[in-house]
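Naming: A, B, ... by sequence-line order, numbering from 1 per chain. Here the structure is a predicted model, which is why all the values come from computation and not from measurement.
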Protein chains: 2
Amino acid sequence: MRDDDAAPESATGNRRKPPTINDVAQRAGVSVGTVSNVLNHRSTVSAARRERVLQAVDELGFSGSMLAKGMRAQSNSLVGLCVPHTAFANLAALADTLDERAVGADYELIQVVSRYDSRRELSRIRRLIAYRAAGLIIVPSLDPKPVLDHCYKAKLPTVIINRLVPDERRFDQVTIDHDKAIYDASRQLLAWGHRHITLAVQFPALSVTRQRIDSLSRAVGGFGGGARWGVLECGLDEERFKDIFASHVRRRDAPSVIIASNSTVTSWILQSARSLGIRMPDDLSLLSLEEPEWALLTEPQLSAVLQPTREIGRIAWDLLLKRVEGSAEEPVSIRCEGRINFRGSVARGT
Amino acid sequence: MRDDDAAPESATGNRRKPPTINDVAQRAGVSVGTVSNVLNHRSTVSAARRERVLQAVDELGFSGSMLAKGMRAQSNSLVGLCVPHTAFANLAALADTLDERAVGADYELIQVVSRYDSRRELSRIRRLIAYRAAGLIIVPSLDPKPVLDHCYKAKLPTVIINRLVPDERRFDQVTIDHDKAIYDASRQLLAWGHRHITLAVQFPALSVTRQRIDSLSRAVGGFGGGARWGVLECGLDEERFKDIFASHVRRRDAPSVIIASNSTVTSWILQSARSLGIRMPDDLSLLSLEEPEWALLTEPQLSAVLQPTREIGRIAWDLLLKRVEGSAEEPVSIRCEGRINFRGSVARGT
DNA sequence: TTGTAGGCGTTATCAA
DNA sequence: TTGATAACGCCTACAA
C-alpha cells in the first residue's frame, strides 16, 4: 500500500519525482524491458521503437537511478577514499589522480575524512560499506588496526597507501619508501660535510617514525667520523614549537641540518628560523620529506623529497580494480621511491 | 526467478554477500518488522527481543544498505560538491568545512571534479542526480549555464559558491566580493603613493574578470592625479608567461604594483621576478587576490586577500540544507568579504 | 506487541 | 522482437 497518497505538489512546486524507467516506457508506449534494452544496448530493438524510447528519455530528462541499479546488481560502482585530512597538497593530488582513474573506469570516487580519529575513521568506513562501495583506498590513521580488521571481515577490497602499516599482510600496500630517502639523503649530507643531523617529527610513537629514525641511525652510524644524529619532537602546536625549536638550535651542540618529516613541520621551521634571525643555509640547512607546492618560492629554495603521489595513485587504483574484479592473489607491498631535490636550503660543504 | 543460482563461492572465498535485515531477523528468531523497529528506535519492542536483535546485528556485522534505504525513502542523504580542481588550498579547506558539516548532519559529501570542462561538469552532475543526491554545492566552471539549467530542470537544490554567476537568480549564491577587495585595495595603494596598477588575469573573457577591471577602473578613475591602470593577460602556460611578464615590467611605462587575480598567477610572478632580478617591493609591489598557505613563507611576505572560505562553506551548507528541506524562499546572493592583509610585498609610501 | 505484505526502480529470465 | 514478472533490501501501514 502507498504510504503517502498524492504527494502535495504545493504551490511552491518544489520537489519533483525524478522520472523512472516506467515513465519512459509509458510515454514511449513500450514495455519497461524494451526501454532497459535500449538503454543498455541490449538485443535488437526495432529502430522505430528505439527512436521513440530515446525521444521519451530526452523529453523526460530521464537519468536512471544508481540506487536501484546498485541494488539490483548487488554492487555499486563506488570506490571510497579515506584520508586523514584534505589540506595537504599531496593528498589533494592523490584524490585528483584517483578521481581521474575512477571516472575513466565509470566509477564514483567518494572521499571521506578521518581527521586523525580512529573512531571517526571506522564510522565513515562503515558508511561506505553501507553504500556497498566496491572497494576502498585508505591512507591509514595513526591506529589503523580496528578499521583494517573491519574491512577484512566485511571482505571489502582494500588498498593501503602512502603510509606503510607494518606487519599487515591482508591487503595490498602502496607506500612511500621514506626510509630509503632518509638513508640516501643522510649519506649525501654527510658527504657534503654535515656532521650533525636532526630529524624533526610530529608523531614519535608512530612505527613509521621509528623506522625513519632507524634509517637515519644506520646512515650516520655507518659513516663514522664523529657524525651524530638526533630527534626533535615538534608537537602539534605551532606556537609552542617556536620555543622548542629555539632551544634546539641555540644549544651548544646544535645540528647543522634538519630533516623535516612533513611540510607542516617544514613550514614551522621556516617561520621560526626567520623570526630567530637564523640564516639558511649558512646557519642551518633544511630538507623536507614532503615537497610542498611552494618549494621554489622560498628564499633559499627548499630542498625536498618529491613524493611519487601520482604514481602511487595509479598503482593503487590498478591494484584495487583487480581486487574488485575478484583477484585472490597474494597481497603485495609496493614501495615507491621519492626523488630528492637538493636546492638552496642545503649547504654543500666545505 | 533468480538470475544466478548458487553463487560460486569459489576456493578463493572472496565475495561475501553482506547480511540483510532478513538474515538478522532469522538469526534473532523474530520478524523483519521487529528488527527494523529496533534499529530505528521505533515503538516498544520487548527488552528481551531487542537484546536478541542487537546481538544478531553484532554477530553478523550488519550495516544496512543505504541503497535500499535511499530507494525506499525516495531520497538519499548524499550531497554533491562540484569543484573545478582539487589542488587549491582554499578549495581543500572548503571541502573540509563542508565535510564536517555534512557528517554532522548525517549526510555524505561526494566531491566531483569538473576540471574546468563544462561537458565533464555536466556529466558528473548527471551522475549525482542519478545517485539521487539531495543537493549540490557548486563552484561553477567557466561556462556554467548548461549545468545550472540542468540542475534547475531536475529541481536539484543547488547553491553556487565562490565564483559569482551574474544574472543568475534561480539559485542561492555565496560568493567572494572581489570587486570590493579590488576597489579598497586600489584606493589604499593609491594612498600609499602608487600611481600605476596592473591587474594580472588568466581569463579575460570571464564576466567576473570584467567586473574586476571595472572596480579597478572606478578606483583609479575616481582618484585622479594622473593615476593609471592596466591589465596583464597571463595565459595558461607558465613558460610563456615569463616573457609576457618580462616585457610588461621592463617597458618604460611599467606599473609599480601588480594585483594578481589568483595564487597560480601570484606564484608565476614571484618566480619570474626572481629570475629577472626584480626586487620586491623596491622595484615592484605585489598583492594576491587569493591568500595561499605559503603567504608568510616568501621573502618579503606576500600581501594577499584572505578569502573567507570556511565562512562560505558554513553559509552555503545552511542554505542548502534549508532548500533540501523544502524551503521555497526567494534565492539569495550573499557576498562575503575577504580581509586584505598588506605585508612586505607592498611598498608603502614614498 | 509482533507479523505480513507491498512497493521503491532496475534488470534478467521466461513466455508469448 | 516484445511483454510480463520476480528479485534485490528496506520501511511502514495495517492486520493479527
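Take the nearest nucleotide of DNA chain C for A:Ser63 and for B:Gly29: the residue whose nucleotide is more 5' is B:Gly29.
A:Asn22 has its CG atom 10 Å from the C1' atom of C:dC8, to the nearest Å. Between the C1' atom of D:dG9 and the CD1 atom of A:Ile129 lies a distance of 17 Å, rounded to the nearest Å. Across the protein-nucleic acid pair, B:Met66 atom CE and D:dC10 atom P stand 11 Å apart, rounded to whole Å. In this structure, CZ of B:Arg49 is placed 8 Å from C1' of C:dT1, rounded to the nearest angstrom. The CD1-C1' distance, from B:Ile21 to C:dC8, rounds to 15 Å in whole Å. The interatomic distance linking A:Asn40 (CG) with D:dT2 (C1') rounds to 16 Å, in whole Å. Summarising the geometry, the separation between OH on A:Tyr131 and P on D:dG9 is reported as 17 Å, rounded to the nearest angstrom. One interatomic measurement links the two molecules: CG of A:Asn37 to P of D:dT2, which rounds to 9 Å at whole-angstrom precision.
One donor-acceptor pair, N or O on each side, does fall under 3.5 Å between the base of D:dC11 and the side chain of B:Arg72.
Comparing atom distances between the A:Ser36 side chain and each of D:dC11, C:dT11, C:dG3 picks out C:dT11 as nearest. Between C:dT2, C:dC8, D:dC11, one nucleotide has an atom nearer to the side chain of B:Gln74 than all others, and that is C:dC8. Of the candidate nucleotides C:dT2, D:dG9, D:dT5, D:dG9 has the atom lying nearest to any side-chain atom of B:Thr20. Taking the side chain of B:Ser65 as heavy atoms from C-beta on, and the options D:dC10, D:dC8, C:dT2, the nearest nucleotide is D:dC10. Side chain of B:Met71, nearest nucleotide from C:dG9, C:dG3, C:dT11: C:dG9.
For B:Thr34, no side-chain nitrogen or oxygen approaches OP1 or OP2 of C:dT1 to under 4.0 Å. Note on A:Lys69: a side-chain N or O is less than 4.0 Å away from OP1 or OP2 of C:dT11.
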Check: Going through the distances and angles, do B:Val147 and B:Cys151 end up as a side-chain contact (heavy atoms from CB on, under 4.5 Å)?
Finding: CA-CA 6 Å; B:Val147 169; B:Cys151 293; 4.2 Å; yes

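Inter-residue side-chain proximity for B:Arg124 and A:Glu108 is flagged as met; some heavy-atom pair is nearer than 4.5 Å.
Side chains of A:Arg310 and A:Thr97: a donor on one and an acceptor on the other come within 3.5 Å. A side-chain donor-acceptor contact under 3.5 Å links B:Arg127 and A:Ser77.
Across all strands, B:Gly64 comes closer than 4.0 Å only to sugar-phosphate atoms, never to a base (heavy-atom distances).
The environment of B:Gln74 atom CD is dense: over 12 non-hydrogen atoms of other residues, nucleotides or ligands sit within 6.0 angstrom.
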